[in-house]
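In what follows, a structure is listed as structure tokens, so that the remarks can point back to it.
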Amino acid sequence: MAETTTMQVELKKLNRYKRLKKTIPYWLILPSLLFVVGVLWYSVLYGIGMSFFRIDLALPDNPFVGLENYFNLLVEERFIHSFQRSLIFVAGSVGLGFVLSFAFAHGLYKVKTFAGSFRGLALVPYLVSGVATAIMFRFLFSRTVGFVNQFLVTLGLERIEFLGEANWAMLVIILANTWFIVPFSTLILLGGMQALDPDLFEVALVEGASKLTILFRIIIPLIKPMIGISMIWLTFASFNMFDVVLPLTAGGPGRATEVLALYMYRLGFDFLRFSDGAVVMTIILLLNIITSVFYLRVFKSEV
Amino acid sequence: MKLGRDRLYWIPLVILVVWTIFPLLWGVSSSFKTYADIYRVPPSIIPPDPEIRAYQVVLTSRGFSTYVFNSTFLALTSSFIAVACSIFAAYGFARFKFRLSTALFLLILIPRIIPRASLIIPLFQMWASVGLLDSYPALIVSYTATAIPFNTMVLTGFFRGVPPALEDAASIDGATLWQRIRYIMIPMSIPAIITVSVMSLREAWNEFPFVLALTTSTRMRTLPYQLFMLRDAMGIEDWPVVLAFTVLTIAPILGFYIIFQKRVTSGLVSGAIK
């Protein structure tokens, strides 16, 4: 008798549990959802919304102006300039970044001696802050105290105003940015290579394939999706790069390194043109979506 | 046997080592140089006359302890909240089948690709409208929110790989949901939890655009913000001091990383390719 009651109690518990179980996952997810929706989604949507209004602290109300802000900004000389500088910056960073991360990943994949230490070292820049990266590169390329210039002088060459000339400054921010973003794309590519079946290479070697053939005919085609993802990462990180550029050149000399993210910050916080800043934000987001769709198409897995 | 041919593979690794270490090494070494030795040509990687003056200047400078406190406090609280929330969310996604599961999962994951710098204008407006600019809550909530998508993704993936048999057995024995998470899932997922914790700490410790946009007073500054301001604050740059400051901001997170390196890298490799 006593046993049946406990059984019934247990069954009841189980039934109640089953009913509760339906709502449990929602409760579990709720806190995360509140943070993500409340902060990230809200500010993205709010920002996109802002771009359709004229928000001016001098005006009593903020009228809806549709796409007017876009039309005005897209023809503004400073926007076009900043967009061009961004394209150079992104192209340089993605080009150099991809070559380096592929070479690093391939080396890390092939060399087994101290593999763990090398892999650990490769990730170090990922942990350094963007501001610290900027400061270190500003120091390396400084006119007077920079290693590069001191080295040039030691060789009997002239000092170069790396941060005082438009093209050199662009090169320096590309180098600093690449240093900062390469670790993660190395990791993506290495992950792709490590997922390959090593037997494939054995077979290819037996068949007499050279190492270059293996690289170009087996490894690269097989990790194509990973190549795409690493390029998306490099492009994203560069298009949106702010932390490394502001403390390194502050957009200078002149406006030579004023990339889009920096221009957006200037619009919002220096000129208080919030709606125009929001327009640039929306454009940056659109560019991100376009580039990722593009890469995903190009590097679609053929398997 | 193929050592001769394998030597080729070492070339990228040598470049990797030099490329990665040199900027850091040059910075660290110069932070121990005297003010005059910084200008010396030819440059030497070993300080000719090493001194710790720069570190003394930084450590005793006004406000330094405040910046250390702010950075530490913000990183610890936001990471703790973000990891805790993500553990629950990931458990929900990994162990329950429910109607909106995919939609909600995407709702949490997609913002991972939103660049944080791009959010500063609407975020500024948002925190201004609730009167919380220049406050810890604004920063903690913003940091937590940006950490959750990545954490949830990594943890959900990991939790799905943990065999559910243990939890089934435990729930038959009457274990509550909380007990199953606390005594089974969390202990089974320590590597993944370490990975997301280190990543959240790194993100918050190094964060720059939010703290730049959302704070105005000196007492709210974090280490990266102050490092950025050092440039304006000093007429002539005392480079050893700037570099000592840089080294001090990098050291803690690098120390953390060295302790947990193996777990973090393997966790990241699996996280990166998802």
Side-chain angles (χ1 to χ4, degrees), chain A residues 24-25 28-29 31-33 35-36 39-41 43-44 46-47 50 103-104 106-107 110-111 116 118-125 127-132 135-137 139-140 144-145 147 150-151 153-154 179 187-188 190-192 226 240 242-243 247 261 268 274 277-278 281 284-285 288, chain B residues 9-10 12-13 16-17 20 23 26-27 38-39 41-43 85-86 88-89 91-92 96 98 104 107-108 111 113-115 117-123 126 141-142 144-145 148-149 152 177 202 206 208-209 213 224 227-228 239 242-243 246 249-250 253-254 257 261-262 265 268-269 272-273:
Chain A
I24 285 174
L28 287 169
I29 291 157
S32 292
L33 206 60
F35 274 110
V36 172
V39 178
L40 303 177
W41 281 107
S43 44
V44 166
Y46 186 78
M50 277 171 78
F104 293 168
H106 193 248
K110 287 288 182 186
V111 175
F118 280 123
R119 205 172 67 160
L121 181 72
L123 208 61
V124 163
L127 296 139
V128 174
S129 69
V131 181
I135 303 289
M136 287 189 304
F137 275 80
F139 181 60
L140 271 179
T144 46
V145 296
F147 175 84
Q150 292 181 343
F151 187 69
V153 171
T154 313
W179 189 82
L187 221 55
I188 295 170
L190 181 60
M226 292 301 137
N240 311 312
F242 177 78
D243 300 25
F274 292 113
M281 180 204 101
I284 291 178
L285 289 180
N288 283 337
Chain B
Y9 296 133
W10 281 88
L13 286 189
L16 167 75
V17 172
T20 308
W26 180 242
I38 288 279
Y39 292 88
V41 178
C85 290
S86 314
F88 290 123
Y91 193 81
F96 293 90
F98 53 103
L104 291 177
L107 201 63
I108 290 184
I113 62 167
I114 298 170
S118 75
L119 293 179
I120 52 179
I121 289 174
L123 260 189
M126 181 177 121
V141 171
S142 308
T144 305
I148 283 177
T152 307
L177 176 73
R202 161 204 171 262
N206 291 339
F208 179 55
L227 181 57
F228 168 68
W239 271 108
V242 175
L243 292 165
T246 312
T249 65
I250 300 174
I253 199 84
L254 221 53
Y257 172 62
Q261 190 232 322
K262 257 204 176 124
T265 31
L268 260 180
V269 170
I273 57 176

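In what follows, every chain begins at residue 1, and chains take the letters A, B, ... in the order their sequences are listed.
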- request: For B:Leu123 and A:Tyr46, run side-chain contact (heavy atoms from CB on, under 4.5 Å): C-alpha distance rounded to whole Å, both residues' side-chain angles, the deciding distance at 0.1 Å, then the answer.
  value: CA-CA 9 Å; B:Leu123 260 189; A:Tyr46 186 78; over 6 Å; no
message: Is there a side-chain contact (heavy atoms from CB on, under 4.5 Å) between A:Ile135 and B:Trp239? Walk through the geometry before answering.
response: CA-CA 10 Å; A:Ile135 303 289; B:Trp239 271 108; 4.0 Å; yes
task: For the pair A:Ile29 and B:Phe88, evaluate side-chain contact (heavy atoms from CB on, under 4.5 Å) and give the outcome as yes or no after the intermediate values.
output: CA-CA 6 Å; A:Ile29 291 157; B:Phe88 290 123; over 6 Å; no
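Summarising the geometry, atom CG belonging to A:Leu28 is positioned 8.5 Å from atom OH belonging to B:Tyr91; distances are rounded to the nearest 0.5 Å. The structure places CD1 of B:Ile120 at 11.5 Å from OG of A:Ser43, a figure rounded to the nearest 0.5 Å. Atoms CZ and CG, on A:Phe139 and B:Leu243 in that order, are 5.0 Å from each other to the nearest 0.5 Å. To the nearest 0.5 Å, atoms CZ (A:Arg119) and CG (B:Leu13) are separated by 13.0 Å. B:Ile148 CD1 to A:Leu33 CG: the interatomic distance, rounded to the nearest 0.5 Å, is 9.5 Å. Rounded to the nearest 0.5 Å, atoms OG (A:Ser129) and CD1 (B:Ile253) are 10.0 Å apart.
Here the closest heavy-atom approach between residue A:Pro125 and residue B:Thr20 is recorded as CD-CG2, 3.6 Å. Closest approach of A:Ala122 and B:Leu16 over heavy atoms only: CB-CD1, 3.8 Å. In plain terms, the two heavy atoms of B:Pro12 and A:Gly107 that are nearest each other are CG-CA, 4.1 Å. Looking at every heavy atom in both residues, A:Leu40 comes nearest to B:Ala145 through CD1-O, 3.4 Å. Residues B:Ala117 and A:Phe242 come closest through the heavy atom pair CB-CB, 3.7 Å.
Residue A:Asp243 touches chain B through both its backbone and its side chain, counting heavy-atom pairs closer than 4.5 Å. At a 4.5 Å heavy-atom cutoff, the contact between B:Ile108 and chain A is made by backbone and side-chain atoms alike. At a 4.5 Å heavy-atom cutoff, the contact between B:Phe96 and chain A is made by side-chain atoms alone. The part of A:Leu285 that comes within reach of chain B is its side chain, from C-beta onward, which places non-hydrogen atoms under 4.5 angstrom from that chain.
Using a 4.5 Å heavy-atom threshold, the side chains of A:Met281 and B:Pro122 count as touching. The side-chain heavy atoms of B:Ser118 and A:Asn240, taken from C-beta on, include no pair separated by under 4.5 Å.
Looking at A:Trp41, its side chain does come within 3.5 Å of a backbone N or O of B:Leu107 through a donor-acceptor pair.
Using the six-membered ring where Trp is involved, A:Phe118 and B:Trp10 have ring planes that are perpendicular, over 60° apart on the 30 and 60° scheme.
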